[in-house]
There are 4 protein chains.
Amino acid sequence: MSPKEELEQERRQQILDAAETVFSEQGFNDARMDDIVAESGLSKGALYWYYKSKDAIIMALLDRVFLQEMRIAEVLIDADGTAEEKLRIFSRAAVADIRHFKPFMSLAYEFITLVTRRKEVREKIRGYYRTYTQILAGIIEQGISTDEFATVDPHKTALAIIGLYEGITLMWFIDPENIDWDELTEAPLDMLLDGIRKKES
Amino acid sequence: MSPKEELEQERRQQILDAAETVFSEQGFNDARMDDIVAESGLSKGALYWYYKSKDAIIMALLDRVFLQEMRIAEVLIDADGTAEEKLRIFSRAAVADIRHFKPFMSLAYEFITLVTRRKEVREKIRGYYRTYTQILAGIIEQGISTDEFATVDPHKTALAIIGLYEGITLMWFIDPENIDWDELTEAPLDMLLDGIRKKES
Amino acid sequence: MSPKEELEQERRQQILDAAETVFSEQGFNDARMDDIVAESGLSKGALYWYYKSKDAIIMALLDRVFLQEMRIAEVLIDADGTAEEKLRIFSRAAVADIRHFKPFMSLAYEFITLVTRRKEVREKIRGYYRTYTQILAGIIEQGISTDEFATVDPHKTALAIIGLYEGITLMWFIDPENIDWDELTEAPLDMLLDGIRKKES
Amino acid sequence: MSPKEELEQERRQQILDAAETVFSEQGFNDARMDDIVAESGLSKGALYWYYKSKDAIIMALLDRVFLQEMRIAEVLIDADGTAEEKLRIFSRAAVADIRHFKPFMSLAYEFITLVTRRKEVREKIRGYYRTYTQILAGIIEQGISTDEFATVDPHKTALAIIGLYEGITLMWFIDPENIDWDELTEAPLDMLLDGIRKKES
DNA sequence: TATGAATGAGTCTTCATTCAT
DNA sequence: CATGAATGAAGACTCATTCAT
């Protein structure tokens with residue numbers, strides 16, 4: 001990467017970092033471009049040099065947020081072990097990630113708000129969840145073929161697992177004190193696994 | 001109720017109906033007061049007569065949206081039957097409600113966005129979920145005491161059930177075609193129930 | 001006209017009057033909306049209530065400016081007399097009008113600037129000159145048929161007459177002291193008339 | 001001229017060529033310095049190295065545009081022949097020039113727009129027309145003294161001739177299809193000449 | 001109660017110009 | 001001489017809210 005491209009990347013990161021903070025705190029609409037300017041340490045002109053509008057920044061953030069999330073998926077793909085072990089790895093990674101992600105969670109929900117209104121957002125987020133679902137479904141299929149799991153529908157089960165974590169995350173976001181992630185990290189998974197695990201006969 | 005009060009109630013409903021539609025379609029910020037005025041068929045002056053600000057309408061909507069939701073909870077409280085039967089009633093009611101609620105779902109997520117930024121929203125939504133959790137926990141306790149269920153933690157299990165439904169709802173909102181509620185209505189519950197059901201020994 | 005419509009007309013006139021002054025003094029681009037606001041005595045909101053943009057005001061002015069000019073043409077249509085008498089009436093009306101119009105002349109040239117860039121402007125101004133040319137051509141035809149004038153091309157002659165006045169106006173705008181309209185009022189016309197008048201044989 | 005000065009001259013021409021094109025297409029205000037940069041093939045820094053501001057470019061263009069025009073006048077001064085012959089030379093030169101100049105005509109009108117607002121523009125353009133008028137007046141005086149023309153006012157007649165051509169040019173700019181320069185090249189002049197030509201007695 | 005014209009503070013965005021390299 | 005990233009003042013426009021009628 002040329003020094004020039006490096007500078008550009010750095011500036012764009014500066015701006016997205018600032019935007020992430022500001023948008024998370026204030027929401028897309030209450031956030032002022034001047035707030036992002038101040039937070040980024042750049043000038044307004046510099047901001048508009050790299051992103052042509054507020055909306056362009058929001059869309060660039062969308063990419064970054066869900067790209068970051070994708071990393072958990074990668075962990076899963078590369079993992080070895082039984083299906084159950086992989087699901088536990090997923091669970092742990094997801095929970096770790098969620099905690100790290102907490103300050104920016106309202107940002108994520110704001111993006112979700114846009115799903116019905118903006119094609120790009122819709123497609124990006126759908127792609128993210130579909131990828132995820134497929135990976136988990138693959139693991140479950142593995143579990144079925146190795147007789148770890150009963151013959152469940154892999155797709156539906158994958159949706160249930162992701163849904164379970166998304167839902168608990170949502171509830172944790174709303175009422176963190178009411179939910180103890182330390183305990184919940186594996187408990188929900190245990191319940192589901194109990195449900196799909198092959199019963200000895 | 002006097003005729004005057006009746007008119008007032010009617011007008012307020014008109015406004016909230018319009019606001020619900022407009023906010024759902026455009027979001028709190030892109031929605032214009034003039035849009036609500038047009039949708040409601042009232043005049044701008046009338047709007048401001050009944051609600052003193054845009055924010056007041058949003059807060060009134062918050063009440064209405066989550067009050068509506070509360071009705072499912074009431075169904076549960078009054079129901080008879082085994083714990084499992086009650087959970088199935090809950091499941092069916094929740095799914096039915098979600099479907100009806102779909103056009104306004106982005107509204108709900110926009111409220112969630114406000115959880116970290118607005119005390120009233122936070123408290124209202126927390127109250128809603130806490131109530132819900134307690135009711136479900138009660139049912140699970142009943143199930144444990146009647147030996148339907150294994151000795152699980154009622155609170156955690158309740159959270160898991162609600163989370164499961166909230167999460168699947170979220171995913172259905174994002175990608176309706178990828179999720180078949182008809183099948184999912186009871187499947188997720190089955191999995192969880194399998195997990196907590198008392199094993200014959 | 002209802003009182004409401006009357007108010008609207010009055011407001012629009014107020015705005016266009018102000019815009020005419022401000023645009024003439026400063027040009028379309030240097031003129032600030034706030035200048036028009038100040039000049040009009042209205043508020044910025046009121047301005048935008050009646051015209052949705054600066055450009056809308058400019059286009060409304062275009063209408064008004066060239067509609068005003070059209071009145072001279074009407075004088076001609078209704079006039080009686082020989083062709084030459086009518087042309088003299090035209091001459092006098094045109095000169096009188098030009099003098100009145102002087103402060104707003106740079107406005108007219110600014111519109112002309114837009115002829116190649118904006119369809120609406122092009123069409124409006126073309127229509128104006130075509131109408132004018134036709135009226136004059138009609139008078140010249142009359143002069144030919146009554147043997148006042150030699151057998152000239154009515155269309156070309158009309159263009160020459162209008163062109164003559166437009167050109168002298170342009171030069172007067174550029175260098176008023178160099179041109180004495182009092183003398184020039186009829187002199188150019190005399191020259192042209194001398195050229196087309198039927199020579200006694 | 002040193003190689004260094006040559007380069008400077010070349011660069012300045014590049015810039016003015018680009019500016020002429022861009023300004024003609026977009027107008028002084030809508031044209032962006034970046035457009036001129038792109039059109040010129042230079043860098044922004046280079047542009048500002050040779051011209052210290054947008055306005056400086058506009059003023060340099062003013063010089064160039066009206067200097068170019070001055071060449072027609074030179075043709076006249078050097079010409080031999082009767083007054084009428086000279087006027088025909090003028091006519092042909094003017095028409096030829098106008099056609100060449102067409103793409104940049106809106107530029108000329110934009111300068112005229114500035115006559116009332118900018119001293120330098122006013123003086124430059126006035127000087128141009130005064131020079132022109134004087135040359136033509138001289139020719140007409142010649143024509144009077146040689147008995148070609150009747151005893152007309154040379155100044156007024158010169159104004160009329162220039163005005164006639166300026167006016168027809170304006171109308172041609174506005175509505176090229178409505179005006180056939182091929183025919184109009186000499187026709188207007190004929191009319192005027194008919195008017196001022198010494199009548200045989 | 002109801003109306004809708006009017007208000008004006010607040011925003012995003014633009015773009016001529018500068019200057020470190 | 002040349003580059004183009006950076007600057008920031010300035011301006012068009014928006015829209016929640018008000019208030020005379």
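To find a chain, count down the sequence lines: A is the first, B the second, and so on, and within it residues start at 1.
- For the helix from dA2(E)-dT21(F) to dT21(E)-dA2(F), the terminal axes (five pairs an end, C1' atoms, rotation from four pairs onto the next four) enclose an angle of 10°, given to 10 degrees.
- Of the P atoms belonging to dT1(E) and dT21(F), the separation is 22 Å, rounded to the nearest Å.
- Taking the salt bridge (Lys or Arg N to Asp or Glu O under 4.0 Å) definition, one finds that Arg126(D) meets it with Asp175(C), sequence neighbours left out.
- In this structure, Tyr48(C) places its OH atom 17 Å from P of dA16(F), rounding to the nearest Å.
- Boundaries of the chain A contact region on DNA chain E are dT11(E) to dT14(E), first to last in 5' to 3' order (nucleotide atom under 4.0 Å from a heavy atom).
- The nearest whole Å value for the distance from the NZ atom in Lys54(B) to the C1' atom in dT14(F) is 11 Å.
- Partners of Lys44(A) by salt bridge (Lys or Arg N to Asp or Glu O under 4.0 Å), not counting sequence neighbours, listed by chain and number: Asp34(A).
- Here the side chains of Val121(A) and Thr113(A) are not in contact, with every heavy-atom distance at 4.5 Å or above.
- Residues satisfying the salt bridge (Lys or Arg N to Asp or Glu O under 4.0 Å) test with Arg122(A), not counting sequence neighbours, are none.
- The side-chain hydrogen bond (donor to acceptor under 3.5 Å, both in side chains) check on Arg118(D) picks up Asp55(D), Glu120(D), with sequence neighbours excluded.
- With a 4.5 Å cut-off on side-chain heavy atoms, Ile57(C) and Leu47(C) count as touching.
- Arg64(D) has a carboxylate O that lies under 4.0 Å from a charged side-chain N of Asp17(D), or vice versa, which qualifies the two as a salt bridge.
- Within 4.0 Å (heavy atoms only), Tyr50(A) reaches sugar-phosphate atoms of the nucleic acid but no base atom.
- With sequence neighbours excluded, no residue forms a ring-ring contact (aromatic ring centres under 6.0 Å, His included) with Tyr50(C).
- As rounded to whole Å, 12 Å separates atom P of dT3(F) from atom CH2 of Trp49(D).
- Residues passing the ring-ring contact (aromatic ring centres under 6.0 Å, His included) test with Phe173(A), sequence neighbours excluded: Tyr109(A).
- Interface residues of residues 10-20 of chain C facing DNA chain F, ordered by number: none; criterion, heavy-atom separation under 4.0 Å.
- Between Glu110(D) and Arg117(C) there is a salt bridge, since a side-chain N of the basic residue sits under 4.0 Å from a carboxylate O of the acidic one.
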Pairs of donor and acceptor atoms involving the side chains of residues 22-31 of chain C, under 3.5 Å and at least two apart or interchain, shall be tabulated with distances.
residue, atom, partner, partner atom, Å
Ser24(C), OG, Glu20(C), O, 2.6
Gln26(C), NE2, Asp35(C), OD2, 3.1

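- Here the straight-line distance linking atom CD1 of Ile15(A) with atom OH of Tyr48(A) works out to 11.0 Å at 0.5 Å rounding.
- Judged as a side-chain hydrogen bond (donor to acceptor under 3.5 Å, both in side chains), and not counting sequence neighbours, the contacts of Lys124(A) are Asp63(A).
- Distance, Lys44(C) NZ to dG11(F) C1': 8 Å, rounded to whole Å.
- The 5' end of DNA chain F is approached more closely, in terms of each residue's nearest nucleotide, by Gly45(A) than by the other of Gly45(A) and Asp55(C).
- Using a 4.5 Å heavy-atom threshold, the side chains of Leu62(A) and Met59(A) count as touching.
- Residue-to-nucleotide proximity on DNA chain F shows that, of Gly41(A) and Lys52(C), the 5′-proximal contact is made by Gly41(A).
- Within residues 21-39 of chain D, the residues that place at least one heavy atom under 4.0 Å from DNA chain E are, in residue-number order, Ala31(D), Arg32(D), Met33(D).
- Sequence order on DNA chain E of the closest nucleotides to Ser53(D) and Leu42(B) puts Leu42(B) first from the 5' end.
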